[in-house]
Visitor: 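Starting off with a structure, shown below.
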There are 2 protein chains.
Amino acid sequence: MSKNKKVRLDSAGRFAYDGLDRVIHEKARLGIVTSLATHPQGLLFNDLKELCSLTDGNLSRHLQILQEAGLVQIWKGFKDNRPQTLCQLTAQGQQRFLEYVAVLENVVTDALSGAPASPNKRVSEGWSPA
Amino acid sequence: MSKNKKVRLDSAGRFAYDGLDRVIHEKARLGIVTSLATHPQGLLFNDLKELCSLTDGNLSRHLQILQEAGLVQIWKGFKDNRPQTLCQLTAQGQQRFLEYVAVLENVVTDALSGAPASPNKRVSEGWSPA
DNA sequence: CGCTGTTACTTTACATTGCAAAGTTAGCGA
DNA sequence: TCGCTAACTTTGCAATGTAAAGTAACAGCG
């Protein structure tokens, strides 16, 4: 079996992506935050529901998490005597989202840098499948 | 209160990002898959542990999920009479990862297209904070 | 040779999280 | 007045992420 080269110490944590903010990274919330980022005037609860294809309960939960994390401001209002909820990114939310996107760009860069489309090298002798 | 424009029907699902493969999207697994994508010859369990800053138990769990999903091939071998585990992306894993990264690029594009760095517009009258 | 520590993982226990069904409040129309 | 609908919130529970604990085997030492 060929001798595998030990990962260099300075690579430790290279793919940990610590800056990937979990509050934003969850798929449903990523969609919510991205759609809010592209609508500075905010979006209604129903608009978010449609844009992100979420159920009422799910959207409500995620908005609560985003609000508690300080990324989203929730406004209550009325239209035709009916209650309406408007959601908007806070300044902090925008900032954290930009930071998150920068890390996401790193992931994309990493992903495309290692010739991922090329076939894997055959493992050398001495290995058997698990 | 100003009249909010209803989201156009053709925008439904615009930010659902259905192509964001959850098996890959989980932060720890994203790191694992990205690091494997940049090492076609595969990586040892310990190398992955260091590169991704994961505990043994956590890494093992995620590798199991990736293997069960068909994205990763696990090879067992020995070095100096000690067991070693080599992990490698499968062809399917590479394909799905490329598809995933394409969607990630969409997210990044969306995120940067809506003037996210510009301050939010003040909400019109009639709204009060939740 | 027995014992202890270490290595390279796997398994387990449990806390956290994501989801949608169920619930709530209030308005509208018959 | 009643039934239905809208716009959410809350709840129950299944799924998931994490690291501590466990396992098997090797190395070194006395």
Side-chain angles (χ1 to χ4, degrees), chain A residues 1 4 6-7 16-18 20-33 42-69 72-87 126-130, chain B residues 1 4 6-7 16-18 20-33 42-69 72-87 126-130:
Chain A
M1 171 169 69
N4 288 292
K6 185 170 168 43
V7 162
Y17 299 118
D18 287 330
L20 269 193
D21 192 331
R22 277 189 179 277
V23 171
I24 300 176
H25 189 64
E26 212 297 303
K27 180 170 172 285
R29 290 195 295 276
L30 179 52
I32 292 167
V33 173
L43 284 166
L44 296 174
F45 185 94
N46 266 347
D47 293 343
L48 273 174
K49 196 168 68 177
E50 287 182 28
L51 286 169
C52 303
S53 300
L54 296 172
T55 58
D56 293 22
N58 209 8
L59 176 56
S60 185
R61 287 293 259 144
H62 287 301
L63 284 176
Q64 187 178 334
I65 293 168
L66 291 168
Q67 182 184 27
E68 284 166 5
V72 157
Q73 167 90 48
I74 305 288
W75 305 86
K76 299 289 181 178
F78 286 88
K79 178 188 175 190
D80 302 336
N81 280 335
R82 296 275 195 162
Q84 297 232 286
T85 299
L86 184 74
C87 313
W127 298 100
S128 55
Chain B
M1 173 168 71
N4 288 289
K6 185 170 165 50
V7 160
Y17 298 118
D18 288 329
L20 270 192
D21 192 332
R22 275 189 181 277
V23 171
I24 300 176
H25 190 64
E26 212 296 305
K27 181 171 173 285
R29 289 195 296 276
L30 180 52
I32 293 167
V33 173
L43 284 166
L44 294 175
F45 185 94
N46 267 347
D47 293 342
L48 273 174
K49 197 169 66 178
E50 289 182 27
L51 287 169
C52 304
S53 300
L54 295 172
T55 57
D56 293 23
N58 209 6
L59 175 56
S60 184
R61 289 293 258 145
H62 286 302
L63 285 176
Q64 188 180 334
I65 293 168
L66 290 168
Q67 182 185 26
E68 284 167 4
V72 157
Q73 168 90 47
I74 305 286
W75 305 87
K76 300 289 182 177
F78 286 87
K79 180 190 174 189
D80 303 335
N81 278 338
R82 295 275 195 165
Q84 295 234 286
T85 299
L86 184 74
C87 313
W127 299 100
S128 56

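A note on names: the letters A, B, ... follow the listed sequences, proteins ahead of strands, and every chain is numbered from 1.
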Visitor: Show the nearest heavy-atom pair for residues F45(B) and D56(B), with the distance to one decimal.
Guide: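 Nearest pair, atom of F45(B) first, then D56(B): CZ-O, 3.5 Å.
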Visitor: Output yes when at least one side-chain N/O atom of R22(A) is less than 4.0 Å from OP1 or OP2 of dT18(D), else no.
Guide: yes
Visitor: Rounded to whole Å, please give me the gap between CD1 in I32(A) and C1' in dC19(C).
Guide: 13 Å
Visitor: Please give, in whole Å, the distance from dT9(D) P to L48(A) CG?
Guide: 12 Å
Visitor: Rounding to an integer number of Å, can you tell me how far L86(B) CG sits from dA8(C) P?
Guide: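 Spelled out: CG on L86(B) to P on dA8(C) is 14 Å.
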Visitor: Round to the nearest Å and state the distance from L63(B) atom CG to dT10(C) atom C1'.
Guide: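 Rounding to the nearest Å, CG of L63(B) and C1' of dT10(C) are 12 Å apart.
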Visitor: Figure out the CD/C1' separation between Q84(B) and dC9(C), and round it to whole Å.
Guide: 11 Å
Visitor: Which residue in the set L44(B), D47(B), L48(B) passes side-chain contact (heavy atoms from CB on, under 4.5 Å) when paired with L86(B)?
Guide: L44(B)
Visitor: Considering only dA8(C), dC8(D), dC9(C), which nucleotide approaches the side chain of T85(A) most closely?
Guide: dC8(D)
Visitor: Quick one: label E26(B) by what it contacts on the DNA or RNA (base, sugar-phosphate, nothing), any heavy atom closer than 4.0 Å.
Guide: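 Answer is sugar-phosphate: E26(B) comes under 4.0 Å of backbone atoms only.
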Visitor: Please tell me if K79(A) has a side-chain N or O lying less than 4.0 Å from either OP1 or OP2 of dC8(D).
Guide: no
Visitor: What do the steps show when you test I65(A) against V72(A) for side chain to side chain contact (heavy atoms under 4.5 Å, CB included), and what is the final call?
Guide: CA-CA 9 Å; I65(A) 293 168; V72(A) 157; over 6 Å; no
Visitor: Step by step, would you call D21(A) with H25(A) a side-chain hydrogen bond (donor to acceptor under 3.5 Å, both in side chains)?
Guide: CA-CA 6 Å; D21(A) 192 331; H25(A) 189 64; over 6 Å; no
Visitor: Please state how far atom CD1 in I24(A) lies from atom P in dT17(C), giving the value in whole angstrom units.
Guide: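 Roughly 15 Å, once rounded to whole Å.
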Visitor: Counting just side-chain N and O atoms, does K76(A) come under 4.0 Å of either OP1 or OP2 of dT9(D)?
Guide: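 True: K76(A) side-chain N/O within range (under 4.0 Å) of dT9(D) OP1/OP2.
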Visitor: How far apart are the C-alpha atoms of C52(B) and L59(B), what are their side-chain angles, what is the distance that settles it, and do they pass the side chain to side chain contact (heavy atoms under 4.5 Å, CB included) test?
Guide: CA-CA 9 Å; C52(B) 304; L59(B) 175 56; 5.9 Å; no
Visitor: For W127(B) and Q84(A), run side chain to side chain contact (heavy atoms under 4.5 Å, CB included): C-alpha distance rounded to whole Å, both residues' side-chain angles, the deciding distance at 0.1 Å, then the answer.
Guide: CA-CA 9 Å; W127(B) 299 100; Q84(A) 297 232 286; 3.9 Å; yes
Visitor: What's the CG-C1' distance between D21(B) and dT16(D), to the nearest Å?
Guide: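 The answer, rounded to whole Å, is 15 Å.
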Visitor: Tell me which residues in residues 52-62 of chain B lie within less than 4.0 Å of DNA chain D, going by non-hydrogen atoms.
Guide: T55(B), G57(B), N58(B), R61(B), H62(B)
Visitor: I need the CD1-P distance between I65(A) and dT16(C), as an integer number of Å.
Guide: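 That distance rounds to 13 Å.
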Visitor: Begin with the C-alpha distance, continue with both residues' side-chain angles, and end with the deciding distance and a verdict on side chain to side chain contact (heavy atoms under 4.5 Å, CB included) for L43(A) and C87(A).
Guide: CA-CA 5 Å; L43(A) 284 166; C87(A) 313; 5.5 Å; no
Visitor: Using a cut-off of 4.0 Å on non-hydrogen atoms, how would the nucleic acid contact of K49(B) be classed: base, sugar-phosphate, or nothing?
Guide: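 Nothing, no nucleic acid heavy atom in range.
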Visitor: Salt bridge check, R22(B) against E26(A): does any charged N sit closer than 4.0 Å to a carboxylate O?
Guide: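 Looking at E26(A) and R22(B), the cut-off is met.
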Visitor: Tell me if a side-chain donor or acceptor on R29(A) pairs with a main-chain N or O of V23(A) at a distance below 3.5 Å.
Guide: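 The answer is yes, because a donor-acceptor pair under 3.5 Å joins these two groups.
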Visitor: Counting primed atoms plus P, OP1 and OP2 as sugar-phosphate and everything else as base, spell out the protein contacts along nucleotides 23-30 of chain C at 4.0 Å heavy-atom distance: B, S or - for each nucleotide, 5' to 3'.
Guide: ----SS--
